[in-house]
Amino acid sequence: MTENNPKNEEKRSLNFIEEIIEEDIRTGKNNSRVHTRFPPEPNGYLHIGHAKSICLNFGLGKKYNGKTNLRFDDTNPVKEDIEYVDSIMEDVRWLGFDWEDRLFYASDYFEQLYEYALILIRKGKAFVCDMSAEEIAETRGAPTRPGTESPYRNRTVEENLELFTKMRAGVFPDGSKVLRAKIGMNSPNMHMRDPVLYRIIHATHHRTGDKWCIYPMYDFAHGQSDSIERITHSICTLEFEVHRPLYDWFIKEIGIYAPRQIEFARLNLSYTVMSKRKLLELVKEGYVSGWDDPRMPTICGLRRRGYTPESIRNFADIIGVAKRDNVIDVSLLEFCVREDLNKRADRRMAVLNPLKVIIDNYPDGPGEEMEAINNPEDETKGKRKIPFSRELFIEQEDFMEDPPAKFFRLAPGREVRLKYAYIVRCENFIKDSETGKITEVHCTYDPMTKSGMPNSSRKVKGTLHWVSAQYAIRAEVRLYERLFNKENPDDMPEGQSYKDCINPESLHLVNGFIEPAAENSQVLDKYQFERIGYFSVDKDSSPQNLIFNRVVSLKDSWTKMEKVK
RNA sequence: UGACCCAUGGUGUAAAGGCAGCACAAGAGAUUUUGGUUCUCUCGGUCCAGGUUCGAAUCCUGGUGGGUCAACCA
């Protein structure tokens, strides 16, 4: 197929799921149709691990000219909420995927699922059990030891039918009865030991309201839902591998269409936790400001931080899909967003830790306007003007009283280029005698070195960014670091938890200055602050009070060099 | 002391019995009005032991190591 087409198909290797799908297409299985689905439970916010699954499922649908459904597996009303449904849809759309008219809910199938249960009961393959949850757990045995059969296991079909009908009718209280499959109690696979199919929960469901008081277990809903939707390839994570025999059993006993389940290894990220429970704890216990805190690995957190959908999709693509456990280095995610933003983010000059610079031989007054390139990687982004004046701010780190040889920045007697402006020489500086802090640097400029002028290209070692003290606007800048200090927060010494390696320095607030061109920035606008990093306008930002989130810093070989020492 | 799954550079991921490749990370250099970008180069890998084969990362057997499974959660 691609063999005669070497031009556009550079023979990209297939992952193991694509190999299975292509084999199924080749052999004409399902009439060579490909239909996948993304099946979240609406009980929490989506994170980067879900993004992997979303990109995989929707990506496969697209690649093989198939379809991908969004289906909410909403079988537990006490844990689920419409808030989560909405956020999940928003996140999937933001990532750039479209389920078109195929938005489904497992709760759409409650009536059908109930019928399936009836089929099993009539076949003598399911029974109503009166044991408590504790009793069921105790009699289930252990992986190395068989369980014991429920005393209610041999009720007649008629009795089971009547009891199950009454369960639905609401005559029994929560927890008093369940419907169980009748498979056996000694399978080495715990999921096959007479698993619970239905439980009684008198709770209002976010979609079906109070219509039902019995709800199917996930295991009894998930596989059949895929079957109902004619999913060809049910892609899920590794921990559901042991559930597959059960799904297959249901499909076979009920006698319905069988999707093929394929399991892949979930994403783990270094310096991050990914479980819903832990993420929820971080929010509830106030370690972060909310689900969309820019330090969270949630999709909404990454969005607020300033990650782009393109960078996340590319990340999902690059990390690949396989069955072996993996921990992806966060630096790969950071690489992806840098790569994307380098091409698209306009450059701006901003000073985060201001140090006043006075150009002694520059006239006091309105100053002049300098021309700056918006994005050197993209000429179509054009140019802008930046005001220059006698008093400026530069970064404190860009001046040293007594610098090492390799310091290419400002120091007494040294020259640097002020980007898009002049070459200046440091003549002297003022130091606070009590604190030892440098408070002001005095320079002279060379008028012949104005950027763009014929004689301007004299070589100097360093180029600094700057803003005009007169014209710059104030901005709050939120600098984020990793939320955890340990590479694997899930693997802590005895007696400690992931919370013990939370990085207390994960957020630094600074008040800086930015060039006036950033004045009308809108929420989620992205910039590269020259020489610093990529920044995104926070949702709390307003024209009166600009707030920027640092998405990621620029690669920095200078501080790296310093650290080695 | 069970069943199932997995094992390739530091981290990911390719190689369908035939040259172990790519990306990130790390290191060196070139270019640069961003110590950014770009470019060049370097470092570094098939868990172990047998077997099959002209030939094994790949197939077989046995180890070892890791993961998953015992909610009326999903």
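Naming convention: chains lettered A, B, ... in sequence-line order (proteins, then strands); numbering from 1 in each chain. Predicted model, so just to flag it, every value in this text is computed and none were measured.
Between A:Glu334 atom CD and B:rA25 atom P there is a gap of 9 Å when expressed in whole angstrom units.
In this structure, B:rU68 forms a base pair with B:rA3, meeting either the Watson-Crick or the G-U wobble geometry with both donor-acceptor distances under 3.5 Å.
Between A:Lys276 and A:Phe408, it is A:Phe408 whose nearest contact on RNA chain B lies nearer the 5' terminus.
Taking 4.5 Å as the limit, every side-chain heavy atom of A:Met448 sits out of range of all side-chain heavy atoms of A:Arg458.
Distance from the side chain of A:Lys555 is smallest for B:rA25 among the nucleotides B:rG27, B:rA74, B:rA25. Nearest nucleotide to the A:Arg199 side chain, out of B:rU34, B:rC73, B:rA25: B:rC73. Listed nucleotides B:rA74, B:rC24, B:rA7 differ in distance to A:Arg324; the shortest reach to its side chain belongs to B:rA7. Taking every side-chain heavy atom of A:Glu41 into account, B:rA74 is the closest of B:rG36, B:rA74, B:rA70.
Comparing the same atom, C1', in B:rG17 and in B:rA57 gives a spacing of 11 Å after rounding to whole Å. As rounded to the nearest Å, B:rC5 and B:rU61 have P atoms that lie 12 Å from one another.
Under a 4.0 Å N-O distance rule, the pair A:Glu229/A:Arg37 does not qualify as a salt bridge. Between A:Arg348 and A:Glu530, none of the side-chain N atoms (NZ, or NE/NH1/NH2) sits under 4.0 Å from a carboxylate O, so this pair counts as no salt bridge.
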